[in-house]
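Reviewing the structure listed below.
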Amino acid sequence: MSKFERARRQAKRTTIGFLGGLVLVVGIIAVPYPGPGWLIVFAGLAILATEFEWAGRLLDKLKGKYDDWQAWLKRQPPTIRIIFWLATFAVVVVTIWLLNGYGLVNDFFHLPFH
């Protein structure tokens, strides 16, 4: 393998590592919120798995754990599921508050709330 080919291979590996890692971090941040958090995590790991064997193993293991979690949640009584969704709602509300999302909405719509 020539120096050029090695450099090109390393640049590709670095780029995939950076992009996959970035997508993975965004997914991890998004997990506690409603929406595609886990899908983003799986996408980040899939990107990383194109160049890193450990990411492929982790992706397979994490998919299994996610499926187990979903099956466990479905088996729970409605009370537990309601508590889970209320906790998720609380995380969203607190995050919006911490990021001053309510203040931004007030300012945007010129609402009298302060």
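Here the options are L24, V26, V25, the test is side chain to side chain contact (heavy atoms under 4.5 Å, CB included), and the partner is V41; only L24 passes. The only member of V94, T95, T88 that meets side chain to side chain contact (heavy atoms under 4.5 Å, CB included) when paired with V91 is T95.
In this structure, F52 is not a member of the same hydrophobic cluster as V23, with clusters built from ILVMFWY side-chain heavy atoms closer than 4.5 Å. The hydrophobic cluster containing L22 does not contain I47, counting ILVMFWY residues as joined when their side-chain heavy atoms lie under 4.5 angstrom apart, directly or transitively. Connection of L48 to L39 is not established within any shared hydrophobic cluster, with ILVMFWY side chains joined at heavy-atom distances below 4.5 Å, either directly or through further cluster members. V93 and W97 fall within a single hydrophobic cluster, where Ile, Leu, Val, Met, Phe, Trp and Tyr side chains are chained together by heavy-atom contacts under 4.5 Å.
Remark: W38 CH2 to I28 CD1 distance equals 8.0 Å, nearest 0.5 Å. Separating the CD atom in E51 from the CZ atom in R9 is a distance of 4.0 Å, to the nearest 0.5 Å. Atom CZ of residue R8 and atom OG of residue S2 lie 8.5 Å apart, to the nearest 0.5 angstrom.
Formation of a donor-acceptor pair under 3.5 Å by the T50 side chain with backbone atoms of A46 is not found in this model. With Q76 contributing its side chain and L73 its backbone, the two residues share no donor-acceptor pair below 3.5 Å.
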Taking distance alone, no hydrogens or angles, what donor-acceptor pairs closer than 3.5 Å link side-chain atoms of residues 53-72 to residues at least two apart or in another chain?
{"unit_1": "E53", "atom_1": "OE2", "unit_2": "R57", "atom_2": "NH1", "d": "3.0"}

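Atom CZ of F84 has more than 12 neighbouring heavy atoms from other residues, nucleotides or ligands inside a 6.0 Å radius.
Across all non-hydrogen atoms, the minimal contact from K74 to R81 is O-NH1, 3.9 Å.
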